[in-house]
Amino acid sequence: MKKTKLSIAAVSVAGLLALGAAAAGVHTITAELRPDVTVKVNGQTQAMLDKNGDVVYPIQYNGTTYLPVRALGDTLGNDVRWDSATQTIYLTTRTDGQDGAVLAFSELEDRMTALEKEIKALSPASDYTGRAKQYAAFSDRLDALDDAVGRAEDAALQDYRDGKISYDEYAKRRDRADRLDTRLDEAFAALEKKTIANESGYQTAAQQAAAALDTLESKVKAAERKIADLKPASTYDGRVKQYRELDAELAALSDSVRTQSRALNDNLRGGLLTYREYNPLNERAGKLDVRLKDARATLERKTISKDEAQEPQAGGEQYADYVALLDKAETRVASLEKEVKGAQGSAYRALLGKIDALDDELDALDDAIERSYRAGKLTAAQYRTLDQRADGLEDRLEHMEDRLDSWYGHDDDDDDDDD
C-alpha cells in the first residue's frame, strides 16, 4: 500500500496520565504517514480528528504504529491538555457526569468554563462534513454536562427534603443550576453558529459518494495512463522495481474502492441512500474494481510475467501458510453461500454481519500477503496467486451481500410511485 514519508520530532514519553518532557531529548526521525490504517474502537471504525475537525492519520516508525494523542483521547472519551511551559501532555478521564455520579456545582462550573473556552477557540472545518463532526462531538459533551446539572439539581432538592440543607442553601444551588442552564443554551447556540449553521458545501450521502467516486475515477485513469506509457526496463530487477512501485499504487486504489463500496452498503442499510441512488453508485464502484484488476494484469504482462524464471525464489513456508488460511476462508465462504441460499427474512441482519466480519478478515489477510511480498518473503508469482484467490473470495462475499439486499432490502420504487 502507498505510504507517505515525513519527518517528525520524536519525544520519548512515560507515565499514565501525564506524558511529558521528563524522558529522552528531542531528535528527528523519518516515519511513514499511514492513511491506510483503520482504527476501530469496540468494533466500530473511528475517524481520527484534530481539534479543528480535520482528519489526521496514524504514523509508523520502526515497526510500531503511533496514533495522534488528541484524536485518540477524544475517541476514548479523555480530555487532552498540552502544557507548553512544562512540555507535558495531560490525559484525564472525561466523565461530565456520564457515569451517573452527582458532581459538585464547582466541578460543573469548571467543566462549563472549559467547554466554553474550547468552543470559543474552535476553528470551523473547511467543509460541511467536518463542521458536522465538530458539532456532534461538542454537542455530545454539552448534553452530558446538561444531564449532570440536572442530577445535581435533583440531588439538592432531595437533600432539602431530607433536612440535610436549609432552604437558603437549596435556593443557592438551584440558582447555580439555572445559571449553568443558561450558559449551556448559549454554548449550544455558539457551537451551532460556528458549525452546522453554515451549510456551504453540504452534500447528501449520494453526493458525497459520487464526489468520492469521481476522485477515484480520476486516480484510476492516471494509473492506467502510467501503465500504458510504461517502457519496461532492460533488466528483470528493473522491471520488478517498476512492477512493485505501480502495483503499490494500484493496491492503494483497490483499498479505497473497497472502502467506498462498504460505505455505500452501510449507507443503504442505514437509510441514507435509496436503492435508486445506491444502484448506479455501486455499479460505478464495481467497474472501478474491474479496471484496477485489468490494470494490474497489464502491468504484470509488461514487467514480470514474461521471464519469472529469473525471479529469485522466496521461501515456500509462508506461501503454504497463506494457502492454508485461504483454504479455510474458502470453506467459510462456501458455508455462508449455503446459509444465504436458504435464508429467511429474519436471518438477514445476522448474515450480513457474518459477511462483513469475514470480509474484514480477508482484507486483513490480503494486507498481510502484500506486506510479505514487499518484504521479499513471497515471489511475484506466489503473490499474484494468493491475491487473486483473496479477490475471488471477496467477490463471492459481495455477490452474497447483493443477493441479500435484493431479497430482503427495502426497495423504494413503490414509494416513488406514490409521490
- Task: Using a cut-off of 6.0 Å, state whether more than 12 heavy atoms not belonging to K293 lie near its atom NZ.
- Result: yes
- Kindly write out the residues that satisfy side chain to side chain contact (heavy atoms under 4.5 Å, CB included) with L325, not counting sequence neighbours, or none if the list is empty. Y322, L365
- Polar side chain donor-acceptor pair, R183 to T113, under 3.5 angstrom: yes
- Query: Under 3.5 Å, is there a donor-acceptor pair between the T129 and Q208 side chains?
  - Reply: yes
- Distance-only donor-acceptor check, side chains Q60 and T65, under 3.5 Å: yes
- Sequence neighbours left out, what pairs pass ring pair (Phe, Tyr, Trp, His ring centres under 6.0 Å) with at least one residue falling in residues 243-265? none
- Query: What are the two closest heavy atoms between R262 and D359, and how far apart are they?
  - Reply: NH1-OD2, 3.5 Å
- Message: Between R179 and E109, does any side-chain N to carboxylate O distance fall below 4.0 Å?
- Response: no
- Message: As a quick check of understanding, evaluate side-chain hydrogen bond (donor to acceptor under 3.5 Å, both in side chains) for S372 and Q318, giving each step before the final call.
- Response: CA-CA 8 Å; S372 294; Q318 190 145 30; 3.1 Å; yes
- Note on the structure: Hits for salt bridge (Lys or Arg N to Asp or Glu O under 4.0 Å) against K354, two or more places apart or cross-chain, chain-then-number order -> E339
- Note on the structure: Y383 meets the ring-ring contact (aromatic ring centres under 6.0 Å, His included) criterion, sequence neighbours left out, with Y373
- Query: Is it true that R244 and D247 have a side-chain N and a carboxylate O under 4.0 angstrom from each other?
  - Reply: no
- Item | Over all atoms of both residues, closest heavy-atom pair of V102 and A152 | CG1-CA, 4.0 Å
- Between L272 and A205, what is the shortest heavy-atom contact and its length? O-CB, 3.7 Å
- Task: Run the salt-bridge test on E249 and K219 with the 4.0 Å N-O cut-off and return the result as yes or no.
- Result: no
- Message: Closer than 4.0 angstrom, basic N to acidic O: yes or no for K287 and E283?
- Response: yes
- Item | Distance-only donor-acceptor check, side chains S261 and R258, under 3.5 Å | no
- Item | Modelled atom types, side-chain donor and acceptor of T235 and D237, under 3.5 Å | no
- Item | Those residues that, when tested against D356, pass salt bridge (Lys or Arg N to Asp or Glu O under 4.0 Å) (two or more places apart) | R269
- Message: Quick check: closest heavy atoms across Y319 and Q382, and the distance to 0.1 Å?
- Response: CD1-CB, 3.5 Å
- What pairs of residues pass the ring pair (Phe, Tyr, Trp, His ring centres under 6.0 Å) test when at least one of them lies in residues 106-136, not counting sequence neighbours? Y128-Y202
